[in-house]
*Asks:* 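Following this message is one structure expressed as structure tokens.
Below, each value reflects all heavy atoms present in this structure, side chains not excepted, and no hydrogens, waters or symmetry copies.
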Amino acid sequence: MPSRWQLLLHPANPTRTKHVPPAQLHGLACHLLEGAGADHHAQTKPFSITPLIEAPHAPGNATLALSWLNDLTTPPLGLLKGAEVRLGSQFFTVEDVQPSHAPYAALEALPPTRRATLNFLSVTYFNRSGRWIPLPDPELLYGSLARRWNTFTPHPLPDDLITNLLSTVRLTAHELRSAPADLGQATRTGFTGHATFTLPHSTPGDLAAVFTCLSAYAEAAGTGAQTTHGLGWTTTTLHPPSTPSHHPITVPSAAPIARHPAQRTQSPHGT
């Protein structure tokens, strides 16, 4: 089932902490998760990682989250408490691990909605035919989420529903900023901010249900390319039908992560 572990990390040398690039985040994720059955060479990998940021409620510490998508196995990351982890030349002690779980069945059981807002907290971009796309194109966004969902769930979504969704979903509002992603030898231009996606009111219930579960799934899977490198960190707000008494639908077991824009990865003391 989709699972997430929020790690609280204490730096070995708080006075020398520095920016953690995407390649080092990817290295940590591979080290911790590929032993659980993740294929390093697979095009679609069963995990994602968020950037390292300052822990909002623990000054001097840092935090990041790791998500696991494979429904057949669950890595024992709860055992990391007290262990030392490395990000490049920096070492951290895992002070705490907070797990959360959102089974595929729970995501499928969410009340169907026809409007969702996705918040892109780290740089996000998409690949198409070897080119990077620095915009939240609805077809690319929901197509990539559907591929990840069908790769790792025991109950894949029907192809016809996915096709109908990709031809129906619309981008109806956004507030975005261009942002670079430093990938070492290459730089990609992406975006951060938030965007709202909408289905027509006449959309059938089964299609609205697919839209809802994939929108919620973005919290675990991430959005766009290189989510295993800390890119595409996403949170989701599901909007119920327009009734004054209704409140946003809660995504199951969302991890307690800091919800603010992060145009680049941050260490506890910045760079």
Side-chain angles (χ1 to χ4, degrees), residues 2 20-30 33-34 38-51 65-70 116-153 156-157 159 162-171 174-197 210-211 213-236 261-265:
V20 176
Q24 293 178 6
L25 292 167
H26 180 67
L28 175 64
C30 291
L33 295 172
E34 287 190 342
D39 181 358
H40 183 76
H41 301 288
Q43 184 174 3
T44 302
K45 295 183 175 62
F47 61 87
S48 66
I49 188 170
T50 71
L66 292 142
S67 293
W68 182 254
L69 308 178
N70 196 327
T117 297
L118 273 59
N119 304 284
F120 308 105
L121 302 182
S122 66
V123 179
T124 303
Y125 78 96
F126 297 88
N127 270 322
R128 175 189 279 171
S129 302
R131 296 182 299 165
W132 66 85
I133 309 297
L135 293 169
D137 178 273
E139 184 176 355
L140 294 177
L141 191 153
Y142 283 93
S144 65
L145 289 172
R147 284 191 297 274
R148 293 177 198 176
W149 178 286
N150 278 2
T151 299
F152 301 114
T153 181
L157 300 170
D159 289 341
I162 295 173
T163 300
N164 290 338
L165 174 65
L166 300 187
S167 65
T168 303
V169 63
R170 298 291 183 264
L171 173 64
H174 63 81
E175 185 175 339
L176 303 171
R177 297 167 295 280
S178 297
D182 181 6
L183 301 173
Q185 296 183 351
T187 299
R188 296 286 185 266
T189 299
F191 60 89
T192 60
H194 59 83
T196 297
F197 301 89
V210 171
F211 168 74
C213 68
L214 289 180
S215 298
Y217 188 55
E219 290 217 344
T223 302
Q226 296 191 283
T227 55
T228 62
H229 290 67
L231 277 62
W233 177 23
T234 305
T235 62
T236 300
Q263 292 194 9
R264 62 180 214 169
T265 53

*Asks:* Is there a side-chain contact between Lys45 and Leu33 (heavy atoms, below 4.5 Å)?
*Replies:*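 No, side chains not in contact.
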
*Asks:* Show, in sequence, the C-alpha distance, side-chain angles and deciding distance for Thr189 and Trp132, and conclude whether the side-chain contact (heavy atoms from CB on, under 4.5 Å) test is met.
*Replies:* CA-CA 8 Å; Thr189 299; Trp132 66 85; 3.9 Å; yes

*Asks:* Could you tell me whether the side chain of Asn150 and the main chain of Leu157 form a donor-acceptor pair under 3.5 Å?
*Replies:*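 Pair found, side chain donor or acceptor close to backbone of Leu157.
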
*Asks:* Any donor-acceptor pair under 3.5 Å linking the side chain of Thr168 with the backbone of Asn164?
*Replies:*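 Confirmed, Thr168 side chain pairs with Asn164 backbone.
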
*Asks:* May I ask you to decide if Glu219's main-chain N or O and Thr235's side chain share a donor-acceptor pair within less than 3.5 Å?
*Replies:*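 Here the side-chain-to-backbone pair does not exist.
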
*Asks:* Checking side-chain contact (heavy atoms from CB on, under 4.5 Å) for the pair Leu25/His229: CA distance, chi angles, key distance, verdict?
*Replies:* CA-CA 6 Å; Leu25 292 167; His229 290 67; 5.7 Å; no

*Asks:* Going from OG on Ser67 to CH2 on Trp233, what distance comes out if it is rounded to the nearest 0.5 angstrom?
*Replies:*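 Going from OG on Ser67 over to CH2 on Trp233, the span is 11.0 Å.
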
*Asks:* Angle class for the Phe191/Phe126 ring planes (parallel below 30°, perpendicular above 60°, tilted otherwise)?
*Replies:*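 Correct class here is parallel.
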
*Asks:* Provide the closest heavy-atom pair for Gly190 versus Val123 in the form atom of the first, atom of the second, distance.
*Replies:*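 Result for this residue pair: CA-CG1, 3.8 Å.
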
*Asks:* Does the Ser144 side chain pair with the main chain of Leu140, one donor and one acceptor, at a distance under 3.5 Å?
*Replies:*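 Yes; at least one donor-acceptor contact below 3.5 Å.
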
*Asks:* Measuring only between side-chain heavy atoms, which start at C-beta, is Pro136 closer than 4.5 Å to Leu118?
*Replies:*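 Side-chain contact under 4.5 Å: no.
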
*Asks:* Write down the atom of Thr236, the atom of Ser215, and the distance for their closest heavy-atom approach.
*Replies:*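 Smallest interatomic distance, heavy atoms only, reads OG1-O, 2.7 Å.
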
*Asks:* Identify the two heavy atoms, one from Leu171 and one from Ala195, that lie closest to each other, and give their separation to 0.1 Å.
*Replies:*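 It is CD1-CB, 3.6 Å.
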
*Asks:* What's the separation between atom CG in Leu141 and atom CG in Leu135, rounded to the nearest 0.5 Å?
*Replies:*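 CG of Leu135 is found 11.5 Å from CG of Leu141.
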
*Asks:* Is it the case that the side chain of Arg148 and the backbone of Gly222 share a donor-acceptor pair, with hydrogens and angles ignored and the cut-off at 3.5 Å?
*Replies:*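 Confirmed, Arg148 side chain pairs with Gly222 backbone.
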
*Asks:* Give the C-alpha distance, both sets of side-chain angles, the deciding distance and a yes or no for side-chain contact (heavy atoms from CB on, under 4.5 Å) between Arg188 and Leu231.
*Replies:* CA-CA 11 Å; Arg188 296 286 185 266; Leu231 277 62; 5.7 Å; no

*Asks:* Would you find a donor on one side and an acceptor on the other, under 3.5 Å apart, between the side chain of Thr50 and the backbone of Ala65?
*Replies:*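 Judged by distance alone, yes, a pair lies under 3.5 Å.
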
*Asks:* With the side chain counted from C-beta on, respond yes when Val20 and Leu28 share a heavy-atom pair under 4.5 Å apart, and no when they do not.
*Replies:*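 SC-SC contact between Val20 and Leu28 ruled out.
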
*Asks:* Which value, rounded to the nearest 0.5 Å, describes the distance between Trp149 atom CH2 and Ile162 atom CD1?
*Replies:*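 Answer rounded to 0.5 Å: 10.5 Å.
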
*Asks:* If you measure from CG on Leu145 to CG on Leu165, what distance do you get to the nearest 0.5 Å?
*Replies:*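 Leu145 atom CG to Leu165 atom CG measures 9.5 Å (nearest 0.5 Å).
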
*Asks:* Tell me, with the steps shown, if Asn70 and Phe47 meet side-chain contact (heavy atoms from CB on, under 4.5 Å).
*Replies:* CA-CA 8 Å; Asn70 196 327; Phe47 61 87; over 6 Å; no

*Asks:* Between Trp68 and Pro46, is there a side-chain heavy-atom distance shorter than 4.5 Å?
*Replies:*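 A side-chain contact under 4.5 Å exists here.
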
*Asks:* Ignoring hydrogens and angles, tell me if any N or O in the side chain of His26 forms a donor-acceptor pair with the backbone of Thr228 under 3.5 Å.
*Replies:*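 The answer is yes, because a donor-acceptor pair under 3.5 Å joins these two groups.
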
*Asks:* What distance separates Glu175 CD from Thr196 OG1, expressed to the nearest 0.5 Å?
*Replies:*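 Those atoms lie 10.5 Å apart.
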
*Asks:* Quick one: CG on Asn119 to OG1 on Thr234, what's the gap to the nearest 0.5 Å?
*Replies:*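 Atom-to-atom, Asn119:CG and Thr234:OG1 are 8.5 Å apart.
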
*Asks:* Using only atom types and a distance under 3.5 Å, with no angle test, would you say the side chain of Thr124 pairs donor to acceptor with the backbone of Ser122?
*Replies:*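 Looks like yes, one N/O pair under 3.5 Å.
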
*Asks:* For Phe152, give me all partners under ring-ring contact (aromatic ring centres under 6.0 Å, His included), at least two apart in sequence or on another chain.
*Replies:*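 Phe152 satisfies ring-ring contact (aromatic ring centres under 6.0 Å, His included) with no other residue.
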
*Asks:* Taking all heavy atoms of Thr117 and all of His194, pick out the closest pair and write down the distance.
*Replies:*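 Nearest heavy atoms, Thr117 then His194: CG2-CB, 4.2 Å.
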
*Asks:* At their closest point, which heavy atom of Gln226 faces which heavy atom of Tyr125, and how far apart are they?
*Replies:*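 In this case the closest contact between Gln226 and Tyr125 is OE1-OH, 2.7 Å.
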
